2 protein chains.
Amino acid sequence: MRDEVALSIFGNNVRDLRNKRQISQEKLAELSDLDRTYISSVERGQRNVSILNIIKIAEALNVNINSLFEGIGGCDE
Amino acid sequence: MRDEVALSIFGNNVRDLRNKRQISQEKLAELSDLDRTYISSVERGQRNVSILNIIKIAEALNVNINSLFEGIGGCDE
DNA sequence: GTGTGACTATCAGTCCGTG
DNA sequence: ACACGGACTGATAGTCACA
C-alpha cells in the first residue's frame, strides 16, 4: 500500500505549508471552509481527499496545487 | 458553482493528455486500474476525483500530477 | 469506443465530545 | 491548539446494462 504513503506525504505537505503560514488548523479550516477535525485527519494522512477540497486547501494556503503534491510519484521530484 | 468548472478543466486535461498519448479510455482504464465508464465520467467533469485516483491516472498517463491541474486556480497559470 | 442512468457499499465531511 | 473517538448524512467509488 503506497496509498497510505501518498496520503501521508500529502498531509505532511499541508502541515508544512500551514506552519510556514503560521496559521492554526482552526484558521485553515475556516479559510478553506472545512471542518477543523477534518483538516486534522488530512494532515495525518487519514483521508483520501477529493480534488475539490484539494483546491480549497491550496487556495486557503495560498499556494500552488503542485506544492501539495511535492514528493508524490507522478510529480517530478 | 465554480466547482463544476474545476472538475471540467480537470477532466479536459485528462482527455487532452490521453489523446496526446493516443490511447483509448479503455486503455487508460486498464493502465490506471479503473473502470472504463469511470474514466468517461471523470473526463466529462462529473466526478469529484479523489487524490488516490488522481495519482493513478497521472501515473497511467505518465505525466506530472501538475499537468492535470493546469488551468485550475491554485496552480500558477 | 464512448455516453449515460442507475445501483450498492463505502467513504467524505460534519458535528458532538474527550484529554 | 491539537489528537482522537463515535456517530451521522450525503456523496463518491466502482460496476452494470443499454444506447
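Letters A, B, ... mirror the listed sequences (proteins, then strands); counts begin at 1. Treat the numbers as computed from the prediction; the structure is a model and nothing was measured.
Evaluation of atom-type donor-acceptor distances gives no pair under 3.5 Å for the side chain of A/Arg36 against the base of D/dA1.
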Exercise for the section: Quick one: the dot-bracket string of DNA chain D, using Watson-Crick and G-U wobble pairs with both distances under 3.5 Å, [ ] for crossing pairs and | for bases paired to another strand. Expected result: .||||||||||||||||||
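As rounded to whole Å, 18 Å separates atom P of C/dC7 from atom CG of B/Asp35. When the C1' atom of D/dA1 is taken as reference, atom CD of A/Glu43 falls 11 Å away, rounded to whole Å. We find that OH of B/Tyr38 is positioned 17 Å from C1' of C/dG5, with the value rounded to whole Å. B/Gln46 places its CD atom 17 Å from the P atom of C/dC7, with the value rounded to the nearest Å. What separates CG of B/Asn48 from P of D/dT12 is a distance of 5 Å, to the nearest Å. A/Arg47 has its CZ atom 16 Å from the P atom of D/dA11, to the nearest Å. Rounded to whole angstrom, the span from the CG atom of B/Asp33 across to the C1' atom of D/dA13 amounts to 13 Å.
Contacts between residues 14-27 of chain B and DNA chain C, defined by a heavy-atom separation under 4.0 Å, are made by B/Arg15, B/Arg18, B/Ser24, B/Gln25, B/Glu26.
Distances shorter than 4.0 Å separate none of the side-chain N or O atoms of B/Ser40 from OP1 or OP2 on C/dT2. Remark: B/Thr37 is not in phosphate contact with D/dT15, judged by side-chain N or O atoms under 4.0 Å from OP1 or OP2.
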Exercise for the section: Could you walk me through whether B/Glu43 and B/Arg18 pass salt bridge (Lys or Arg N to Asp or Glu O under 4.0 Å), step by step? Expected result: CA-CA 10 Å; B/Glu43 287 191 357; B/Arg18 177 176 64 77; 2.5 Å; yes
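One side chain, A/Ser40 or A/Arg44, offers a donor N or O that lies under 3.5 Å from an acceptor on the other.
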